[in-house]
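Worth knowing before you read on, the calculation uses all heavy atoms, side chains too, and leaves out hydrogens, waters and symmetry mates. In this text, all values refer to a predicted model and were calculated from it rather than measured experimentally. Throughout, protein chains are lettered first and strands after them, A, B, ... in sequence-line order, and every chain is numbered starting at 1.
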Amino acid sequence: MDDRMPTTTERLREEVREQEIQKQSSESPRAEGEQPARGRPVPRDKVKVEVENLDFWYGSNHALKDISLDISAHEVTAFIGPSGCGKSTLLRCLNRMNELIPGTRLEGHVRVDGRDIYENADPVMVRRRVGMVFQKPNPFPKTIYQNVIWGAIINGYRGNRDDLVERCLRQAALWDEVKDRLHTSAYGLSGGQQQRLCIARTLAVEPEVVLMDEPASALDPIATAKLEETIHQLKEEYTIVVVTHNMQQAARISDRTAFFYMGELVEIDDTEQLFTRPNKKRTEDYITGRFG
Amino acid sequence: MVDLRKNRHLDEELAILRRLLVEMSELVDEQVAGAIDAVSNCDLDLARRVRERDDEVDALEIKVDRQCERILALFTPVAVDLRLIIAAVKVNTDLERIGEHAKNLAKKTQHLERCTDLIGRTKIREAADEARKVLLEAQDAFLKQDKIRAREVLVHDERVDRLHDESLESIANLFSEFPDRTKELVHLVNMSKSVERIADHATNIAELVIFLVEGIDIRHGNVPRPAEAE
């Protein structure tokens, strides 16, 4: 038996080895009862959307498992994770869009400003307060002007329509590009412009929260940059939640990031913290591209 | 209209980094100046203040590194922006090392009272003045990304090296002349070395300017570069 004292190097190696074993054994798979890593909590007075013990099924497929998280007001929160992890499903839970899919079931709570959006709430009103922009731009087959004003008219808008259209197009960083052709077809716009038109359309009904499901995935780099700048400006007035496959995009545009895997929340934290010192090895493996 | 000529948020973060580096440069320069003055005038009070301020240098070093880490993680910069971050991390280390040498110089001041006659027989004071000039030149070159100024630093550093060699030669002679003052002479060797190291670190900073501006790595001139195909 070697009776000598271990050297400093040997001791350090042993410590690192023990830490690696501990991290791995706690990570794969997520142990029963293990909690997601939560960094700095959102102060209670800043919580805009609260998800509490949410489970969701597509038929018998348990797509979301016991999700609890807070979305902070006037911030951009990014949902990231591999395909099929449930991030888009969760996004659609935040404005009851999943109800449009037959055979789905939800348990748990989603609250906006403290009020449950599934209990005694009109889903149409919910979707007005919590608007959505989809992956593929989907303008109406109408003029640019009509695209923006349509939702507002349906919701009983009585104010100055021209002012509303201009304000929303400015907020969506599209006004300068379309102000001279408002009454031409929206289909004449580029993909990036159509996507910003969809944002303007969403803003016209004066939502409080804007959900974006991979809003830039169909756009070229320049259009993506414009869209990201728009998102950055919008958060001054709205609360934004973005689902994205593009981790660099999540790092650039979001204030907080939530990482999901196989229907579970693994980690949520300030974006800077998550992308520099994630708490969970699975998070680190994902953001470094070691699995996806 | 969204202005895409500048990546506004990356540029804001880079501006913060630049401000931190300016602050670090100014602080380190004050430390070096203070240490040299303390040595020249045998000013123990000034020497103490230089030693105490070294904590500020260390704290700034951490801030600069953290900002670089933040930019790398959140913005994945490329090309000149990436070279800037790489250069900033290395310059930060060089500046901290310079601060450390300034602190060491200041520490030696307490031994100087007994050997002001001896230091006058070396070129340590001249070398210290030259080292400070080299440092200021290098800092200026980095902050202005001035590659011409940076190349001048590489030439001026040779003066400091010469003065350092002359000091060592003088001290070697002093060992025979004053065999009972070995301790003081050893302190002088260390002081000369600290001054020479300050200039060396300033040279590192100048080399990084060339890397930043031209994308060329001029360190270790005789070492063959990795082949492109590797």
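More than 12 heavy-atom neighbours from other residues, nucleotides or ligands sit within 6.0 angstrom of NZ on B:Lys108. In the displayed structure, B:Lys63 atom NZ is contacted under 6.0 Å by at most 12 heavy atoms of other residues, nucleotides or ligands.
Rounding to the nearest 0.5 Å places NE2 of B:His9 at 4.0 Å from CD of A:Glu229. The structure places CG of B:Leu74 at 10.5 Å from CG of A:Leu274, a figure rounded to the nearest 0.5 Å.
The minimum heavy-atom distance linking A:Ala251 with B:Ala73 is given by the pair CB-O, 3.8 Å.
Applying the side chain to side chain donor-acceptor pair (under 3.5 Å) test to pairs two or more places apart or on separate chains, those with a residue in residues 70-87 of chain B are A:Glu272-B:Arg70, B:Glu13-B:Arg70.
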Report task. Might you work through the side-chain contact (heavy atoms from CB on, under 4.5 Å) test for A:Thr276 and B:Arg66, ending with a clear yes or no? Result -> CA-CA 10 Å; A:Thr276 54; B:Arg66 194 82 183 93; 4.2 Å; yes
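Residues satisfying the salt bridge (Lys or Arg N to Asp or Glu O under 4.0 Å) test with B:Glu152, not counting sequence neighbours, are none.
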